[in-house]
Amino acid sequence: MTNRKQRKVVVIGGVALGAGAAAKVRREDEQAEIILIERGPYVSFANCGLPYYLSGVIENREALLLHTPESLRNRFNIDVRVLQEAVHIDRTKQVVHVRNLSTGESYNQPYDKLVLAMGADPVIPPIPGIDLNGIFQVRTVSDVDFIRSWMNDSDVRRAVVIGAGFIGLETVENLVQAGLHVTLVEKAPQILPSFDAEMTSLLLNQLKAMGVEVILSDGIESFQGDVQATSVNLESGRTIAADMFIVGIGVRPNTKLAYEAGLELSSNGALRLNRFLQTNDPNIYGGGDMAEIVHLVDGEKRWIPLAGPANKQARIIGLNICGKKVEFHGAQGTSIVGIGDVVLGMTGLSEQTAKQMKIPHMVSYNTLGHHASYYPGALDVTIKLVFDPTTGHLLGGQVTGHEGVDKRLDVLATAIYNEMTVSELTELDLAYAPPFSSAKDPIIMAGMVAENLLNGAAVSVYTPDALGDDNILLLDVRGNDEVANGVLSGAKHIPLDQLRQRVNELDQNRPMIVYCRIGQRSYFASRFLRGHGFHKVYTLNGGYVVQQMRATVKAALPVEELV
């Protein structure tokens, strides 16, 4: 056996990245000395599951603790030191200065390889009253312990959740399930600001059905109370009284230690890494919520604080510390959230991001039942695709509905990862039986809709007034039973199955926008009309369904936002 120096690996921070990297090093090197330093009391917990413990959906608190210091020690021989904080890194001497938070004592911990896994810190703005009792975050096990204790010991009936991101929405749902009346406040003009606004409409409706008041485009001015917060003042001048307040307005990379050690950061404060997840110091690795990631769609480096990439990075860091040369290629921001029975997910670039980045793109919508329409219980799934207008390559996708959303989202995520085009979506061989899908799965149909727009078989507009022409005819080709529930203002109604007999009612020289419920029948109508000499025919992208989605989001804004 060849003798070699024992590898000393120090990991700062636990949870997904830190604990995962430490465990992977052990699986690769049984002789390594592995030390994990964590400033909190818990080393590996399911932070994504924290909101569900508030309502009791996750009943057993211990289920949140994926590993304890004892279990990591017993299973992997990792020296776990909780309630200890790394305060300085001496890169020249390869030493970490550590403070024991229980005793106040300090010591120096040498390393051969160092892993930075400190994650992100919550954004806590200097709002007057922010330090009052009764104001919480949902970031750690200790946070939800405090909230549960507050709910049990106090007469909590009303709660205000500030911030409508993933954790904020999941917290709202679980507080409602716990019997509280909840108000949700978001400074942005929509919930889930990373999504395209219209795709959030089903979630908005669901929150309303749950009795949640949603306040958009309004920020926090101050909290009121003596010892305990009793109300919050909004920037609009409104005051909301409550018994408990949850603040979740965002996070920022926890890179102070890295910065002070002279490690390179990106412009947004995230840790800069190479493709092997090394910093500018080859002996120091990093990843997770504190580091930037290459976005797989456009190759740009972005900050994408999600659990999926962190777990994959942990494995790669462990391999590379032990002598491998494995690259981390990046991520594309695949994420999903469910509130009540409504689900919304996205992958790749949103339309708004493509616009901000000035990336050429086209957009399509398709709505179809999550399984065969003739099989009982089919529920709508709406798919939005963002794709390159020249090549047809997928840039992003968003899916919303009640059932089957995750299945379609994962197909889109895989397609984007493999640089597929919308035309290639139409050729996928996906599982079909009536209880599970249609012979043409919603993904396949979404590809066909996008392909028709790409090759000019259909020419679409987003809104009825998109062309800015008062002479435009808006033609509704839905059935009589459908228009009884509402039509777009000024539309002429001719059901598709009557269009051949009534085509003489239409002026060939007048520009026309055709719409139906989801876009399929309007496509059929546009092809028919073009075949009969109507040359200025457009379809309404996504049909009546998407127009209603837009109207829902618009109606949720304050009056001043609508002017």
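Under the 3.5 Å distance criterion, with hydrogens and angles disregarded, a donor-acceptor pair is assigned to the side chains of Asp218 and Ser236. A donor-acceptor pair shorter than 3.5 Å can be found between the side chains of Thr367 and Thr382.
Atom CG of Leu394 and atom CG of Leu425 lie 5.0 Å apart (nearest 0.5 Å). To the nearest 0.5 Å, atoms OG (Ser350) and CG (Leu395) are separated by 11.0 Å. Between the CZ atom of Arg478 and the OG atom of Ser522 there is a distance of 11.0 Å, given to the nearest 0.5 Å.
Within a 6.0 Å sphere centred on CG of Asp153, heavy atoms belonging to other residues, nucleotides or ligands number more than 12. Counting non-hydrogen atoms of other residues, nucleotides and ligands closer than 6.0 Å to CD of Gln228 gives a total above 12. Atom CZ of Arg157 sits in a sparse spot, with 12 or fewer heavy atoms from other residues, nucleotides or ligands closer than 6.0 Å. No more than 12 heavy atoms of other residues, nucleotides or ligands lie within 6.0 Å of OH in Tyr417, so this atom counts as exposed by the packing criterion. Environment of CD in Gln356: crowded, with over 12 heavy atoms of neighbouring residues, nucleotides or ligands closer than 6.0 Å.
Residues Asn541 and Val546 are not in side-chain contact: their nearest non-hydrogen atoms beyond the backbone lie 4.5 Å or more apart. Side-chain atoms of Leu116 and Leu263, non-hydrogen and from C-beta on, do get closer than 4.5 Å to each other. In this structure, His361 and Lys355 have side chains that are in contact, with non-hydrogen atoms separated by less than 4.5 Å. At least one side-chain heavy atom of Leu175 sits under 4.5 Å from a side-chain heavy atom of Met151. Counting only heavy atoms from C-beta outward, the side chains of Leu203 and Val337 approach each other to under 4.5 Å. Put simply, the side chain of Pro464 reaches to within 4.5 Å of the side chain of Gln547, judged on heavy atoms. Side-chain contact check for Val294 versus Lys301: some heavy-atom pair is nearer than 4.5 Å. Here the side chains of Val487 and Tyr515 are in contact, with some heavy-atom distance below 4.5 Å.
Residues passing the ring pair (Phe, Tyr, Trp, His ring centres under 6.0 Å) test with Phe223, sequence neighbours excluded: Phe245. Ala164 pairs by the side-chain contact (heavy atoms from CB on, under 4.5 Å) definition with Leu169, Leu184, Glu186, Ile191, not counting sequence neighbours. Here Asn174 pairs with Ser55 under the side-chain hydrogen bond (donor to acceptor under 3.5 Å, both in side chains) rule; sequence neighbours left out. The side-chain contact (heavy atoms from CB on, under 4.5 Å) search around Arg302 returns His295, Asp298, Glu300, Ile304, Leu349, Thr353, Met357, not counting sequence neighbours. The side-chain hydrogen bond (donor to acceptor under 3.5 Å, both in side chains) check on Asp196 picks up Lys384, Gln398, with sequence neighbours excluded. Shown here are the side-chain contact (heavy atoms from CB on, under 4.5 Å) partners of Val381, two or more places apart in sequence or in another chain: His370, Ile383, Val399. For Tyr365, the ring pair (Phe, Tyr, Trp, His ring centres under 6.0 Å) test picks out no residue, with sequence neighbours left out. A search for salt bridge (charged side-chain N to carboxylate O under 4.0 Å, His left out) contacts involving Glu85 returns Arg99, not counting sequence neighbours.
When each of Asp406, Leu428, Ile444 is checked for a side-chain contact (heavy atoms from CB on, under 4.5 Å) with Val411, only Leu428 meets the rule. Shown are Asp476, Leu488, Leu540; of these, the side-chain contact (heavy atoms from CB on, under 4.5 Å) with Ile513 is made only by Leu540.
For Leu368 against Asn366, the heavy-atom pair with the smallest separation is CB-ND2, 4.1 Å. Annotation for Val363 and Leu453: closest pair O-CD1, 3.5 Å, computed over non-hydrogen atoms. Ser373 and Ala378 make their closest contact through CA-CB, 4.1 Å (heavy atoms, listed as atom of the first residue, atom of the second, distance). Looking at every heavy atom in both residues, Leu216 comes nearest to Gln190 through CD2-C, 3.8 Å. The shortest non-hydrogen separation linking His402 to Asp341 is ND1-O, 3.1 Å. Listed here is the closest heavy atom pair of Leu454 and Asp388: CD1-O, 3.7 Å.
Applying the salt bridge (Lys or Arg N to Asp or Glu O under 4.0 Å) test to pairs two or more places apart or on separate chains, those with a residue in residues 236-256 are Arg158-Asp243, Glu213-Arg238, Lys256-Glu260. Listed by first and then second residue, the ring-ring contact (aromatic ring centres under 6.0 Å, His included) pairs involving residues 159-195 amount to none (not counting sequence neighbours). For residues 121-145, every residue pair satisfying the ring-ring contact (aromatic ring centres under 6.0 Å, His included) rule, not counting sequence neighbours, is listed here: Phe136-Trp150. Among pairs with a residue in residues 328-355, none fulfils ring-ring contact (aromatic ring centres under 6.0 Å, His included), at least two apart in sequence or across chains.
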